[in-house]
2 protein chains.
Amino acid sequence: MDDPRKDRSDGKVQYGPLSEALGFLLRLGQLKSFAGFFRSFEAEDIRPGELTVLMVLHENPGIRQGMLAKALSIKRAHMTKMVRQMEDEGLILRRVPEDDKRAMELWLTEAGEARVAVLAPILAEHESGGAAGLSVTETAELKRLLRKMLNIRNGASG
Amino acid sequence: MDDPRKDRSDGKVQYGPLSEALGFLLRLGQLKSFAGFFRSFEAEDIRPGELTVLMVLHENPGIRQGMLAKALSIKRAHMTKMVRQMEDEGLILRRVPEDDKRAMELWLTEAGEARVAVLAPILAEHESGGAAGLSVTETAELKRLLRKMLNIRNGASG
DNA sequence: TCGTTATTGTTTCCCAGTAGACAATTTTTT
DNA sequence: AAAAAATTGTCTACTGGGAAACAATAACGA
């Protein structure tokens, strides 16, 4: 049992260099985090992407569709489908601005704002504790490093 | 300009509570990290999932297909497609073990091991520096926190 | 031992998301 | 002013990946 690579008796897997691969760790972390998301929002029939669109629209009323897509790293083609469906659901208003007839400005409807009012507290509650396996302090540090990596400033506590 | 929500003049987007949402940050981080991956492995025609399969097979020869899927958080249905393709490419050997005729043991072929020998140094080089926007120390701390969150021990430095 | 339940990989069908081309505009260049 | 280039949203076609049902086998219980 000198070589741990041969000890698979307990069903544990050796990750080797992957345990140092940031992309791999981020992918697993995201999957784990999303599982928690669906648990917290179980009663609300919403998906992560929709929530992010609603939140950003709430913070940036009238934002251009392309800028929204860029901010969320969602491809424009997919964003089109997404916001159109949300428009059909009555959550979003889409309008062509006067000064640029190619573009599309997005606004939350009353129903959209109401939806945000319901979802935001659930999100806050969901994020209040530490991530599974981490203390609150460690979770805060993890978020801080991710924000720095992404060049996103913390706009929640300010 | 008292309310930053109305200052979109510079094209910046207000993330609001999302800047505190771990799942959102992890998703953006993963996308950014994967972009770096494809840059580093540009010449090798490989995708992240395939690389992880190769690395885990190298570390755990003869592992069961289902356990591999679980370790990488890839659904069994998808893993089937993946490993079959890699089998067709001559990288993987699949064998039904004597003691369980439902199962499938996976091994790297000579070509598979050769592929690992080529890819591993590229991965090491790719991971050696800090992530974009972070120092080496900060990157190491980020990885450490992710490993703790995922309950993965660091098997690369040991 | 026989019937029931759980596991393992596979198949089929479906959906989220992407790539690339496109039309309509706007911006820039000459 | 005209032409060329860039931007913006959309469309079509494609791919990665998941859900659910399935067959084969193994494990378990009466």
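Just so we're on the same page: letters track the sequence lines, and every chain starts at 1.
Within residues 29-44 of chain A, no residue is approached by DNA chain C to less than 4.0 Å at the level of any non-hydrogen atom. Contacts between residues 76-85 of chain B and DNA chain D, defined by a heavy-atom separation below 4.0 Å, involve B:A77, B:H78, B:K81, listed by number.
Taking atom CZ on A:R94 and atom C1' on D:dT8, their separation rounds to 12 Å, with Å as the unit. We find that CG of A:D100 is positioned 12 Å from P of D:dT7, with the value rounded to whole Å. If you measure from atom CE of B:M104 to atom P of D:dA26, you get 13 Å, rounded to the nearest angstrom. Counting to the nearest Å, the P atom of D:dT10 and the CZ atom of A:R64 are 13 Å from each other. If you take NZ of B:K70 and C1' of C:dG9, they are 16 Å apart, rounded to a whole angstrom. One interatomic measurement links the two molecules: CG of B:L72 to C1' of D:dG17, which rounds to 14 Å at whole-angstrom precision. Computed from coordinates, the B:Q65 CD to C:dT10 P distance equals 5 Å when rounded to whole Å. The distance between atom CG of B:L68 and atom P of C:dT10, rounded to the nearest whole Å, is 12 Å.
The pair A:R84-A:E87 does not meet the salt-bridge criterion, since no charged nitrogen lies less than 4.0 angstrom from a carboxylate oxygen. The pair B:R39-B:E42 does not count as a salt bridge, with every side-chain nitrogen at least 4.0 angstrom from each carboxylate oxygen. With respect to the salt-bridge test (charged N to carboxylate O, under 4.0 angstrom), the residues B:D88 and B:R94 do not qualify. Salt-bridge annotation for A:K148 and B:E138: present, with a side-chain N of the basic residue lying under 4.0 Å from a carboxylate O of the acidic one. A salt bridge is defined here as a Lys NZ or Arg NE, NH1 or NH2 lying under 4.0 Å from an Asp or Glu carboxylate O, and B:D45 with B:R115 fails to meet this definition. Ion pairing between a basic and an acidic side chain is recognised when a charged N comes within 4.0 Å of a carboxylate O; A:R144 and A:E141 show such pairing.
A heavy-atom distance below 4.5 Å is not found between the side chains of B:L31 and A:L26.
The phosphate of D:dC22 (OP1 or OP2) has no side-chain N or O of B:R102 nearer than 4.0 angstrom. Between C:dA16 and B:R27, no contact under 4.0 Å exists linking OP1 or OP2 to a side-chain N or O.
Between D:dA26, C:dG9, D:dT8, one nucleotide has an atom nearer to the side chain of B:A103 than all others, and that is C:dG9.
Nucleotides of DNA chain C nearest to A:K75 and A:E98 differ in position, and the one nearer the 5' end is that of A:K75.
Contact detail for A:S19 and B:R153: the closest heavy-atom pair is CB-O, 3.6 Å. Heavy-atom minimum distance, B:L145 versus A:L145: CD1-CD1, 4.3 Å.
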